[in-house]
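What you are looking at is a predicted structure, and each value in this text was computed from that prediction instead of being measured. Convention: sequence-line order gives letters A, B, ...; per-chain numbering from 1.
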Amino acid sequence: MTVRLKDETSSEDEDAPLSSSIQRTKRTIEDCDYEDDDLKSKTVNTGIKKEDNDAYDSDEALSKVAKPKKIVKRAKKAVSKKSSSSNAKKSIKRAAPRKTPKVVREVSVEQQNADPEDDSKESTEDVDEFKWWEKENDDESIKWTTLKHNGVIFPPKYDPLPSHIRMYYDGNPVDLPPQAEEVAGFFAALLESDHAQNPTFQKNFFSDFLDVLKESGGARNGIKPKDFKLCDFSKMFDYFQLQKEQRKQLSPQEKKKLKQEKEELEEPYKFCWLDGRKEQVGNFRIEPPGLFRGRGAHPKTGKLKRRVYPEDVVLNLDKEATIPEAPDGHKWGEVRHDNTVQWLAMWRENISNSFKYVRFAANSSLKGMSDFKKFEKARQLKDYIDAVRKDYNKNLKSKVMLERQIAVACYFIDVFALRAGGEKADDEADTVGCCSLRYEHVTLKPPNTVIFDFLGKDSIRFYQEVQVEKQVFKNLTLFKKAPKKPGHQLFDRLDPSILNKHLQNYMPGLTAKVFRTYNASKTMQDQLDLIPNEGTVAEKLLKYNAANRTVAILCNHQRTVTKGHAASVQKAMERIEELEWQKIRLKRTIMQLDEAEVKKNPKYFAEVKDLVKEQEAAIHKRLVEKEREKYTKKFARENEKRKFDKEEELPESVLQEWMEKAEEMEKEYRQELDTGKVQVKTSDIEKIKSQIEKLDQRIENCSIQLKDKEDNSQVALGTSKINYIDPRLSVVFCKKFGVPLEKVFTKSLRDKFKWAVESADENWRF
DNA sequence: ACGCCGACTTAGTAGTATGGAG
DNA sequence: CTCCATACTACTAAGTCGGCGT
């Protein structure tokens, strides 16, 4: 279980009861308000056209000369490329019928399986590897001409528990039919996680569990669970733990064998053939059933995510491709031949009724191409960003409400890297982005401080206290003016589609999310430019990570603090303290050996006085304690081993003997503390001095590491590295600074970014 | 004109592999 | 060599955005 330091659920106690209740019941309140409030017609969705009779328009600043859609036109570079490709797309769609009723299954899957088996390991290498980034690509809508694959892997059937493992209801074992037992097991497995404590999760799980129980004929011993609180899943939980334990206990050979078997089973599904080239498939495993783990306060969290059968799955491949055989007696839901999409299979999921896709892996050419395009588009923004900024600064004073809102929204997105923020439904977690910000998410503190406090994507809290332009502050005051109150939209005229349409006027394809990519990569470039080309690889790496961290903070990429974090920081601090102590001890030794040294360089010895007796005593105690612990553990471990080997165990006296060593150490320290004199081990002062130097170095290293650890504890660097920072920046950095690329990119990232590794030269800039 | 939905990117976390300190 | 913490991968939820149908 983990603890998030920045409490994003923003505990009830610090919120006024009013605002928190509004937060939770947002929709209802909104709906009611608008019912009888004359705000309704104006603020809700229909925004744009209602402009002229809006209460806000009568505000001093805004005349009624509203010209809704007249958005500044600029950079009409909207080339015709788009239209040609969209035509192509249409014709293709027509050519490729959406519904291809259950095509007759042809045989020989082996035909396709044949070659991957032998050459899979090295096939990604040299010879005629496809370097798409060196080719011209004209049509964006057609993703492939041929596509062959072997389908997907389904999770194993449910294996019922041994009959003595049961869930208990009100103290009695319940004899569940397998279908219901499986669902109970899903919950039991999570018993020690946060989910199991979450009332929504409990409620949703229990209601779905009862449904399944009913469908499957009820408990076979007649017990009818009615109250969640009387259910006891602990026996099931214990059993799962035991199984885990047993799996861990397997011998290395057995583990290896199991792994190999799995590998062999999965091999055919790992690759597919796109235009004749072998490419990796990403998620070829169909998601197993389980309890939906929605994030934040998701109303549906805990609901049963049902099992997916071949009948639910739609395959996508070319017309000539052999259709993979569906598992034992099953049939595919549908086989499609749609080359305008890049998915291999899909199914509909039962929680929010949306699609899940089986797609190419991150290192595939298609993914690589769109990644490349994404970064090129962001780079293109360089040429337009001045115009965009100039414009939104100007429009902060526009006479048209919509334009002002657009201006402020653009400012937020550009400066604070907010997401677009689309509307969400009642049955999703209440999270917001720029356009969906509400009254209560923005607090204004004159003269120009703004406090953002809201839950963004994944219910990650966005909290920032910032200074904004005077005019932005003025506008926000206006946007929050009565009769607006908590629950109401801050930008009542705006939604992402309006905003994005506005942005496209500056640059084709420009949308809100491009700003995040642009600003992230731009920030990275700027930060990297500041790093001097000096020092060790480790030092440069540290600076690279610091730059990466700046970007992650900009994008508000957080992670939960790991459970051991506080302890590990504590440990690291103690370690440093001990090193300091050792150093001081050495300095004392010198002082004892030769008083003249002190006179020569009193500064060098000054720190000796910094160590107060209590502190020293504490360190001594810790060290002795550690020593004892070490021996106790060693003793226990040794005996464990001997027992296993059927050898004679060590007698208690051995432990006593060891303990005496610790005892001695303690005595020595005590004496040292009393007399202030150190037992001299060597009289070579030069040698001691070099030892001190080494200690200094270690202390320095440890301190840097500690700082890094603390700075990183709540920040996730990965997300920005994977999605926002143009990989060519990292490649160039490594080339220029002589840092091995694998220090910066893991194997999978090097694969994913192969296009960048091979195409960026030393002078490349974002 | 607009809301819905299909398809794609972006996101944090759980669980496993790995490698460095003791 | 073992153990523990960290690094990395796999997983899947949660966004964005364009296009389609009404």
Protein-proximity profile, nucleotides 5-10 of chain C, B/S/- by nucleotide at the 4.0 Å heavy-atom cutoff, equals -S-SSS
Once base and sugar-phosphate atoms are separated, protein heavy atoms under 4.0 Å mark nucleotides 17-22 of chain B, 5' to 3', with B, S and - as ------
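Within the nucleic acid shown, A:Lys457 comes within 4.0 Å of at least one base atom, counting heavy atoms only. Among the protein residues, A:Ala429 comes within range of no part of the nucleic acid, since none of its heavy atoms lies under 4.0 Å from any strand. The residue A:Glu428 sits apart from the nucleic acid: no heavy atom pair falls under 4.0 Å. Backbone-only engagement by A:Arg348 is indicated by non-hydrogen atom pairs under 4.0 Å involving sugar-phosphate atoms exclusively. When heavy atoms are screened at a 4.0 angstrom cut-off, A:Tyr357 is found touching base atoms of the nucleic acid. Residue contacts shown for A:Gly421 are limited to sugar-phosphate atoms, with no base heavy atom under 4.0 Å away.
By the ring-ring contact (aromatic ring centres under 6.0 Å, His included) test, A:Phe462 is found to be paired with A:Phe452, A:Phe454, residues two or more places apart in sequence or in another chain being considered. Shown here are the ring-ring contact (aromatic ring centres under 6.0 Å, His included) partners of A:Phe515, two or more places apart in sequence or in another chain: there are none. In terms of the ring-ring contact (aromatic ring centres under 6.0 Å, His included) criterion, residue partners of A:Phe745 (sequence neighbours excluded) are, by chain and number, A:Phe753.
Taking the six-membered ring for Trp and the full ring otherwise, A:Phe284 and A:His149 have centroids separated by 6.0 Å or more. Ring centroid separation for the pair A:Phe292 and A:His298 comes in under the 6.0 Å cut-off.
A side-chain donor-acceptor contact under 3.5 Å links A:Asn316 to the backbone of A:Trp343.
Whole-Å rounding puts the A:Phe454 CZ to C:dA14 P distance at 17 Å. Distance, A:His557 NE2 to C:dA13 P: 19 Å, rounded to whole Å. Straight-line distance from the CG atom of A:Asn283 to the P atom of C:dA13: 12 Å, rounded to whole Å.
If A:Leu291 and A:Arg419 are placed on DNA chain C by their nearest nucleotide, the residue sitting closer to the 5' end is A:Leu291. Both A:Ser370 and A:Ser354 sit near DNA chain B, but only A:Ser354 has its closest nucleotide nearer the 5' end. Of the residues near DNA chain B, A:Gln342 and A:Cys555, the one whose nearest nucleotide (by heavy atom distance) lies more toward the 5' end is A:Gln342.
In A:Glu261, the CD atom is crowded: over 12 heavy atoms of neighbouring residues, nucleotides or ligands sit closer than 6.0 Å. Annotation: A:Lys255, atom NZ; neighbour count of heavy atoms from other residues, nucleotides and ligands within 6.0 Å is above 12.
Side-chain N/O atoms of A:Lys374 and base N/O atoms of B:dT9 include no donor-acceptor pair closer than 3.5 Å.
Between C:dC11 and A:Lys356, no contact under 4.0 Å exists linking OP1 or OP2 to a side-chain N or O. For A:Lys367, a side-chain nitrogen or oxygen approaches OP1 or OP2 of B:dT9 to under 4.0 Å.
Distance check: A:Leu542 CG to A:Lys707 NZ gives 8.5 Å after rounding to the nearest 0.5 Å.
Using a 4.0 Å cut-off between a side-chain N of Lys or Arg and a carboxylate O of Asp or Glu, A:Glu254 and A:Lys257 do not qualify as a salt bridge. Classification of A:Asp371 and A:Lys367 as a salt-bridged pair fails, no side-chain N sitting under 4.0 Å from a carboxylate O.
Contacts of residues 294-307 of chain A with DNA chain C (heavy atom under 4.0 Å): A:Gly294, A:Arg295, A:His298, A:Lys305.
For the ring pair (Phe, Tyr, Trp, His ring centres under 6.0 Å) with A:Phe187, the lone residue among A:Phe237, A:Phe205, A:Phe240 that qualifies is A:Phe205.
The side chain of A:Ala716 lies closest to B:dG12, out of C:dG15, B:dG12, C:dT16. Comparing B:dG12, C:dG18, C:dC17 by their closest approach to the side chain of A:Gln504 singles out C:dG18. Comparing B:dC8, C:dG15, B:dA14 by their nearest atom to the side chain of A:Arg293 picks out B:dA14.
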Are A:Arg575 and A:Glu578 close enough, and set up right, to give a salt bridge (Lys or Arg N to Asp or Glu O under 4.0 Å), and what steps lead you there? CA-CA 5 Å; A:Arg575 183 85 193 115; A:Glu578 285 158 27; 3.6 Å; yes
